[in-house]
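Working notes, structure below.
Bear in mind that the values here come from a model prediction, so they are computed numbers and not experimental data. Numbers restart at 1 for each chain; the letters A, B, ... are given by sequence-line order, proteins then strands.
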Amino acid sequence: MKVGVVVFPGSNCDHDTYFVTKTVFGQECVFLWHNDPALKEADVVILPGGFSYGDYLRCGAIAKFSAIMDRIKEFAARGGLVFGICNGFQILQEARLLPGVMLRNRGLKFICDHVYVRVERNNLPLTVQCQPGQVLRLPIAHNEGNFYADPELLDRIESNRQVIFRYCKPNGDITDAANPNGSLHNIAGVANGQGNVFALMPHPERASELALGSEDGKHLFQSLAYWVDRRMAATG
Amino acid sequence: MEMKTLVIVKLKKSVLDPQGETIRRALNKLGYSVQSVRQGKYFELEFDGNSVDPDTVEAISRDVLSNPIIEDFQVQLPVPQSTAETQRADSPKSTRDGKT
């Protein structure tokens, strides 16, 4: 698997993502600058966490106009795998590649904590190595992670089964107390209708080594590698 | 002469505004009987030349300054200097609601 990690001005999880992909999981990895005219033949494009363009205007609102976003839209339209983490999620929403928008956290505080999320779908490239209903312990670090969509859009997201992760209790129960930021339906991660663009607010790249307190994030990187390898084997 | 185009971006009525709500609570605590506060954003745009194309302002407001999933916008175009005196006397500056 070859991963391309997009670097916007203000990205700050780009090197963590690169390190985990390359060093922890032994996959090929390249950086993609926001002005790059091509995706360097990456199998998976990751939009990492951070504060692209200082979160000015709205989170992700300026980054969506970067030159590389046109390439990413074409790539996604051809079925390419695009994965957003935290700020990367917000950018994909602003670019209309993923549904909804992130409002300020309901408690108005930046939250830096470990949370639990339940895997709602394990038939996607991001979760194919997870068990159905598996609970992952992952860190969050965001100020705008309060998933919002109007009732009609929310219905569509649910009926299309686009929710991949929900905030939950350690035992997997979906409760309001387990919802750190007020996200509707406890949504922590979604996919597009085709299932090739997906994102989550928690940081799997910060939880892929035991030394960092959790290695539950590894399931997601291993899923991507498994999916890409299997696809390569299928197409010869 | 000043030719500022004003754009106001507000959260839609259906969207909860926790910042506005916090401000309201603070005001109530200070003894002000404010029922509701909604916080928004305000932009001043200046263009080259003397004329402003309303469609351009509309496009900028819709595609960049606001996110139509959660926000509405209002545009206030500048009043041309030559007619400013007469217009100011009888009517307020035009306000357009963004329909998105």
**Prompt:** Is B:Leu16 close to A:Tyr148 at the side-chain level, that is, under 4.5 Å between some pair of heavy atoms?
**Reply:**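 No. Closest side-chain heavy atoms not under 4.5 Å.
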**Prompt:** Can you say whether A:Ile62 sits under 4.5 Å from chain B via the side chain, the backbone, both, or neither, judging by heavy atoms?
**Reply:**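 It is neither, since no heavy atom gets under 4.5 Å.
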**Request:** Kindly give the heavy-atom pair with the smallest separation between B:Pro18 and A:Asn105, and that separation in Å.
**Result:**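 In terms of heavy atoms, the two residues are closest at CG-O, 4.5 Å.
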How about [atom1] on [X], more than 12 heavy atoms from neighbouring residues, nucleotides or ligands closer than 6.0 Å, or not?
X: A:Lys64; atom1: NZ; answer: yes
X: A:Tyr56; atom1: OH; answer: no
X: A:Lys40; atom1: NZ; answer: yes

Atom pair [atom1]/[atom2] of [X] and [Y] - distance to nearest 0.5 Å:
X: A:Met102; Y: B:Ile70; atom1: CE; atom2: CD1; answer: 11.0 Å
X: B:Asn67; Y: A:Gln90; atom1: CG; atom2: CD; answer: 11.5 Å
X: B:Ile69; Y: A:Gln93; atom1: CD1; atom2: CD; answer: 7.0 Å
X: B:Thr22; Y: A:Arg104; atom1: OG1; atom2: CZ; answer: 8.5 Å

**Message:** Using a 3.5 Å distance criterion without hydrogens, assess whether the side chain of B:Lys41 forms a donor-acceptor pair with backbone atoms of A:Leu57.
**Reply:**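 Side chain of B:Lys41 to backbone of A:Leu57: a pair is present.
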**Item:** Under 4.5 Å from a heavy atom of chain A, the part of B:Glu21 involved
**Value:**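 Interface part for B:Glu21: neither.
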**Asked** At a heavy-atom separation under 4.5 Å, does B:Val9 approach chain A through its side chain, its backbone, both, or neither?
**Response**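 Interface part for B:Val9: neither.
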